Trainee: 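Could you have a look at this structure, given as structure tokens, before my questions?
Residue numbers begin at 1 in each chain, while the letters A, B, ... track the order of the sequences. Computed from a predicted structure; not experimentally measured.
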Amino acid sequence: MPELRKKYPFDVIEPKWQQHWLANKTFAAREDTGKQKLYVLDMFPYPSGAGLHVGHPEGYTATDIYCRFKRMRGFNVLHPMGWDAFGLPAEQYAIDTGTHPAITTCKNIDTFRRQIQSLGFSYDWDREVDTTDPEYFKWTQWIFLQLYKKGLAYEAEIPVWWCDGCKAVLANEEVNADGTCDRKGHKEVYRRPLRQWILRITKYAERLLADLDQVNWPESIKEQQRNWIGRSEGAEVDFKTEDGATLRVFTTRPDTLFGATYMVLAPEHPLVEKFKNPAVEAYRTAAAKKSELERTQLEKEKTGVFTGAYAINPVNNEKIPIWVADYVMMGYGTGAIMAVPAHDTRDFEFATKFGLEIRPVVEGGDLPFIGEGTAINSGLITGLPTPEAKKKITAWLEAQKLGKATVNYKLRDWLFSRQRYWGEPIPIVHCAKCGTVPVPENELPLCLPEMKDYSPSGNAEPPLAKATDWVNCKCPQCGGPGKRETNTMPQWAGSCWYYLRYIDPQNAGAFVAKAKEKYWMSVDLYVGGAEHAVLHLLYSRFWHKVLFDLGHVSTPEPFMRLINQGMILGEDSRKMSKSWGNVINPDDVVREFGADAFRMYEMFMGPLEATKPWNTQGLEGLYRFLGRVWRLFCDEDGKLLVDDSTPTAALMKVLHQTIKKVTDDTEVLAFNTAIAQMMIFVNEVTGQETRSRALLEPFVLLLAPYAPHLAEELWERLGHKPSLAYMPWPQYLEALLKESTVQIVVQVNGKVRDRLDVPVDIPKEDLEKLALTNEKVKESVAGKQIKKVIIVPGKLVNIAAG
RNA sequence: GCCCGGGUGGCGAAACGGCAGACGCAUCGGACUUAAAAUCCGAAGGGGUGUUAAAACCCCGUGCGGGUUCAAAUCCCGCCCCGGGCACCA
């Protein structure tokens, strides 16, 4: 494809202003109590080897326009950028090539920084953070220790995916649906219990749920978080096995206790051990091999085995059989249920398949009836409607010490450790005498050891276990021999609190200075992809609340307002992917059309939140628009055309309409319609002879947040000192927007019959008379009776006739 | 299965009770040019009546079917399709 002739010298202008902004620290933020603060945050990227994707600049441009706009409106804006740089690809590359992940990471960050800077975003680059920088992760480790000291971090044996072929732990997403290993296709993948670090996020479940009401987030994201937390109210009830052991269950329907005809234990339930029975053993082993997917989606048909044992129902002392089935999950409730097939779809299916008794105890519909109704055949609660029945039976259980009202959450504690090299070391020492001992805070950061070989050790130990010089250490408490924790933190850790570090990135004595934190928090606007709807946002909120409880931060919630930018699809309306060959490279776009055209096109494509396909011809349209703007100011030799003529009233009106529309729309992030209005303005002025300064100068300021390089250049050529970044935003004059006449639509029965040009302040009566005497109206209502005349001042007259 | 979004010209979209399709792309016509590109000016939802041509006028149109209203893309009810998330949570 031949190089297009440039429509304006963006290739000169853009680097010029990027350097100007960097050299002059134009966008450096300082605490300034005289101004209203505004903290606008982008979700920082993982600097992958593939470089920037066109999806990244979408959100970044949106926040950049908003920040530039707000600066001109007098706000003190904090707008930083950084790198979420720990992650698997660099580690895998290290395993394959022996290159230290830090080298790969550094190289990728340089690429990302160059690409991001080539788009002219107004970040305060002095605040750049990198999660892999020891000066950064020192504080990630410090926060972990605060969690640990507060009893929110603990160790437990929990099952993780283990691949015998790879001799390594696999992440959930590395296990295929068919139970094979996604990395090498090995078949010997199963869950095996391993010691893990876990964070007690469930302790914050209630507040994480309740405080969602405080934040201005998309309702869908809040809903996803609510569902993830999954609060449900019910009761725990103690059944007894025949040999006297307690078998505790959780139920949301204690009112159906009299309908329990059998019990089910999850295969992993500890009590299952007691039933030495080959069928049970076989079932258990098989269940351990099934992937989560098989256990849930693929396995429509329920399976299970009878243990041979019985439990006693505490409400009626009835003996009911105990089964093991994998439709009961160990991770929820107590891992055991009382099955009430008459009133639970799953139990009903199971009971039907295995011929178990189905006993109705709630009246109200066909079985399985899961709704509310009236209790029947239920002893002391017979005859009560469901809500009362629940209350009464729960009170009775409590009085008998057989159970109690309980709230349960789907949310599980956060599995925090990874059997990986490229992550923050968990700052804990294991000592035979003292147990787990935190690394003293003054010894942080605890850095990763240099290694020759980054591959997993093969005996379920993380790669760090091979760095014996590093692992063996003194116990900080007793001075005896100790061993360092060899698990590392997950990628989420660094991104849990980066928004706080931006506030005070160089601070060596604290993760953030109190006064600065108080000034800048909370984040006023947070923009990023919807893929982080649950985990990143939930984990951040959790850490933030812990820091809040410890008095380290001043707000209960980190992100007051959240917006998800929509996905950008390929030109073929499919997800951009190498395999489709439809990936657009930002570098190519910038080289050919310039950053300003790129930015404006991405904003013009449609509403920020919408998913929309890329269209290179659409991009060219915006490029053409910027060329038109350029020619409004300069002739072919770049000579300024602007004069000091007085603009016509009509053009002044367009200008002020444009100021109003661009102001209002930018404020609510409706960038596409703001750009459309600027196009209308340019179309109007292009058709005129004069190039009035009074018209064009305010326009440059309106354009500045959108096409900042071009605007700065024009501003300078207009004879101003750079930069315009803090020039006051133009104000529109209401008086200039007023029309003297207005076009009124005349409808008959809702159909437009004519249009009238009338004075804006025409009295209603006159308007009605005009409408009724109108020739076309008379035609339309001929032979009909006029029933009603509706007059909407300044808009229309509608005559209902029939 | 459940919970969110969303269906408007050839395409991206705008309008969010009051003239449907602003703005842009693609298309077509004109000007400029030896010619093209670029640029500028103009046309354009579909169908019909009309006329030398135009003007003008009429009808139909916002996924489908109902409803509310003087007036519905917009509000209500029921369905269909597309995208995203969750998924045996007791």
Side-chain angles (χ1 to χ4, degrees), chain A residues 2 4-5 7 218-224 226-228 230-232 234 249-253 256 264 266 292-293 295-297 299-300 302 325-329 331-340 343-347 349-350 370 408-412 530-531 533-534 564 566-567 569 573 601 604-607 609-622 624-625 627-628 631 636 670 672-680 682-683 686-687 743-755 776 779 787-792 794-802:
Chain A
L4 283 168
R5 216 181 98 203
K7 297 189 198 305
E219 205 42 51
S220 67
I221 302 276
K222 289 205 214 181
E223 205 49 36
Q224 280 183 59
R226 286 191 193 107
N227 291 341
W228 190 264
R231 182 184 198 274
S232 60
V249 302
F250 172 74
T251 176
T252 55
R253 294 295 298 270
T256 61
V264 185
E292 205 69 35
L293 208 72
R295 245 178 102 158
T296 57
Q297 295 178 2
E299 206 83 0
K300 292 278 177 249
K302 291 197 167 29
D326 64 7
Y327 81 90
V328 172
M329 307 286 147
Y332 184 78
T334 60
I337 62 159
M338 62 168 199
V340 186
H343 305 294
D344 181 283
T345 335
R346 298 149 297 176
D347 297 345
E349 264 176 54
F350 192 82
I370 54 168
N408 238 302
Y409 301 92
K410 271 200 275 186
L411 181 69
R412 321 240 173 121
E531 65 273 20
V534 179
N564 295 123
M567 213 190 335
L569 305 173
S573 292
Y601 172 60
F604 189 66
M605 290 169 84
E609 287 102 323
T611 300
K612 51 239 154 182
W614 182 267
N615 179 341
T616 297
Q617 285 175 326
L619 165 69
E620 283 172 34
L622 267 292
R624 259 201 296 270
F625 167 70
R628 279 161 75 87
R631 289 195 302 275
E636 273 176 40
N672 55 334
T673 48
I675 292 170
Q677 182 62 41
M678 289 192 258
M679 288 171 168
I680 291 172
V682 170
N683 290 346
T686 300
Q743 196 177 64
I744 297 284
V745 171
V746 183
Q747 300 179 330
V748 174
N749 291 333
K751 283 185 178 145
V752 181
R753 287 293 110 119
D754 206 358
R755 300 178 171 87
K776 291 187 178 142
E779 251 171 68
K787 291 181 186 155
K788 200 171 170 185
V789 179
I790 291 98
I791 297 170
V792 183
K795 288 212 165 137
L796 58 70
V797 178
N798 189 11
I799 297 157

Trainee: Please work out if A:Pro218 contacts a base, only the sugar-phosphate, or nothing of the nucleic acid, heavy-atom cut-off 4.0 Å.
Mentor: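 No contact at all - A:Pro218 keeps every heavy atom at 4.0 Å or more from the nucleic acid.
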Trainee: Mind checking whether A:Phe350 and A:Tyr327 have parallel, tilted or perpendicular rings, split at 30° and 60°?
Mentor: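 The arrangement is tilted - the two ring planes meet at 30° to 60°.
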Trainee: For B:C25 versus B:A13, give the span between their C1' atoms, rounded off to a whole number of Å.
Mentor: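 After rounding to an integer number of Å, I get 11 Å for this pair.
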Trainee: Just to be sure I understand the rule, does A:Asn408 reach a base, reach only the sugar-phosphate, or reach nothing, if contact means heavy atoms closer than 4.0 Å?
Mentor: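 Here A:Asn408 touches no strand at all.
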Trainee: Can you check the distance between B:C4 and B:C77, where both ends of the measurement are the P atom (answer in whole Å)?
Mentor: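 Each nucleotide's P atom is 13 Å from the other's.
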Trainee: Is the phosphate of B:A13, meaning OP1 or OP2, less than 4.0 Å from a side-chain N or O of A:Thr673?
Mentor: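 So the side chain of A:Thr673 is outside the cut-off, no N or O lying under 4.0 Å from OP1 or OP2 of B:A13.
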Trainee: Given B:C58, B:A38, B:C25, which nucleotide is nearest the side-chain atoms of A:Arg753?
Mentor: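 Of all the options, the side chain of A:Arg753 is nearest to B:C58.
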Trainee: Within the 4.0 Å heavy-atom criterion, would you say A:Gly333 contacts the bases, only the backbone, or no part of the nucleic acid?
Mentor: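 The residue A:Gly333 makes no contact with any strand.
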Trainee: Roughly how far apart, to the nearest Å, are B:G21 and B:A44 at atom P?
Mentor: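 Result for the P pair: 12 Å, nearest Å.
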Trainee: Counting only distance, no hydrogens or angles, is the base of B:C88 paired donor-acceptor with the side chain of A:Lys302 under 3.5 Å?
Mentor: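 Result: at least one qualifying N/O pair found.
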Trainee: So does A:Lys788 get a side-chain nitrogen or oxygen closer than 4.0 Å to the phosphate oxygens (OP1/OP2) of B:C70?
Mentor: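 For A:Lys788, the contact criterion (side-chain N or O under 4.0 Å from OP1 or OP2 of B:C70) is met.
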Trainee: Which part of the nucleic acid, if any, lies within contact of A:Thr345, taking any heavy atom under 4.0 Å across all strands shown: a base, the sugar-phosphate backbone alone, or nothing?
Mentor: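 Answer is nothing: A:Thr345 stays at 4.0 Å or more from every strand.
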Trainee: A:Gln747 near the nucleic acid: base, sugar-phosphate alone, or nothing, with a heavy-atom cut-off under 4.0 Å?
Mentor: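 A:Gln747: base contact, heavy atoms under 4.0 Å.
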Trainee: Is any side-chain heavy atom of A:Met679 closer than 4.5 Å to a side-chain heavy atom of A:Phe604?
Mentor: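 Of all side-chain heavy-atom pairs linking A:Phe604 with A:Met679, at least one is under 4.5 Å.
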Trainee: Please work out if A:Leu796 contacts a base, only the sugar-phosphate, or nothing of the nucleic acid, heavy-atom cut-off 4.0 Å.
Mentor: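 Result for A:Leu796 = base.
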Trainee: Check the chi torsion on B:G9 and let me know: syn if it falls within 90° of 0, anti if not.
Mentor: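 Syn conformation here, the glycosidic angle of B:G9 being no more than 90° from 0.
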Trainee: Expressed as a whole number of angstroms, how long is the span from A:Met329:CE to B:A87:P?
Mentor: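 To the nearest whole Å, that distance equals 11 Å.
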Trainee: Touch check for A:Arg624, heavy atoms < 4.0 angstrom, all strands: base, sugar-phosphate only, or nothing?
Mentor: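 Answer is sugar-phosphate: A:Arg624 comes under 4.0 Å of backbone atoms only.
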Trainee: In whole Å, what separates the C1' atom of B:G30 from that of B:A20?
Mentor: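 Looking at atom C1' only, B:G30 and B:A20 are 29 Å apart.
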Trainee: Does B:G5 have a Watson-Crick or wobble mate here (both distances under 3.5 Å), and if so which one?
Mentor: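 B:C82 - that is the nucleotide pairing with B:G5, both distances being under 3.5 Å.
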Trainee: If you pin A:Tyr332 and A:Asn615 to their nearest nucleotides in RNA chain B, which one's is more 5'?
Mentor: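 So the residue in question is A:Asn615.
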Trainee: Of A:Asn749 and A:Glu223, whose closest RNA chain B nucleotide lies nearer the 5' terminus?
Mentor: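 With A:Glu223 and A:Asn749 compared, the 5'-side residue is A:Glu223.
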Trainee: For a quick check of understanding: with a heavy-atom distance under 4.0 Å over all strands, which category does A:Lys410 fall into, base, sugar-phosphate or nothing?
Mentor: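 Base contact.
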Trainee: Quick one: is B:C4 close enough that its OP1 or OP2 comes under 4.0 Å of any side-chain N or O from A:Asn227?
Mentor: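 For B:C4, neither OP1 nor OP2 has a side-chain N or O of A:Asn227 closer than 4.0 Å.
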Trainee: Using a 4.0 Å heavy-atom cut-off across all strands, classify A:Lys222 as base, sugar-phosphate, or nothing.
Mentor: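 Contact class for A:Lys222: none.
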Trainee: So what does A:Gln743 hit on the nucleic acid, given a heavy-atom distance under 4.0 Å: a base, only sugar-phosphate, or nothing?
Mentor: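 If one applies the 4.0 Å heavy-atom cut-off, A:Gln743 turns out to touch a base.
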Trainee: Between B:C3 and B:G61, how far apart are the P atoms? Round to whole Å, please.
Mentor: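 Their P atoms lie roughly 33 Å apart.
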Trainee: At under 4.0 Å between heavy atoms, what does A:Arg231 touch on the DNA or RNA strands: base, sugar-phosphate, or nothing?
Mentor: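 Counting heavy atoms under 4.0 Å across all strands, no contact is made by A:Arg231.
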Trainee: Pick from A:Asp344, A:Asp347, A:Val340: which one makes a side-chain contact (heavy atoms from CB on, under 4.5 Å) with A:Thr256?
Mentor: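 Result for side-chain contact (heavy atoms from CB on, under 4.5 Å) with A:Thr256: A:Val340.
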Trainee: Determine whether A:Asn683 and A:Arg628 make a side-chain contact, defined as any pair of heavy atoms from C-beta on separated by less than 4.5 Å.
Mentor: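 The answer is yes; the side chains approach within 4.5 Å.
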Trainee: Assign A:Asp347 to base, sugar-phosphate, or nothing according to its heavy-atom contacts below 4.0 angstrom with the strands shown.
Mentor: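 The answer is nothing, as A:Asp347 stays clear of every strand by at least 4.0 Å.
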Trainee: Starting the side chain at C-beta, find the nucleotide from B:C86, B:G18, B:C4 nearest to A:Ser220.
Mentor: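 The closest nucleotide is B:C4.
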Trainee: Given the P atoms of B:U8 and B:G83, what is the spacing between them in whole Å?
Mentor: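 Per the computed distance, 14 Å lies between those P atoms.
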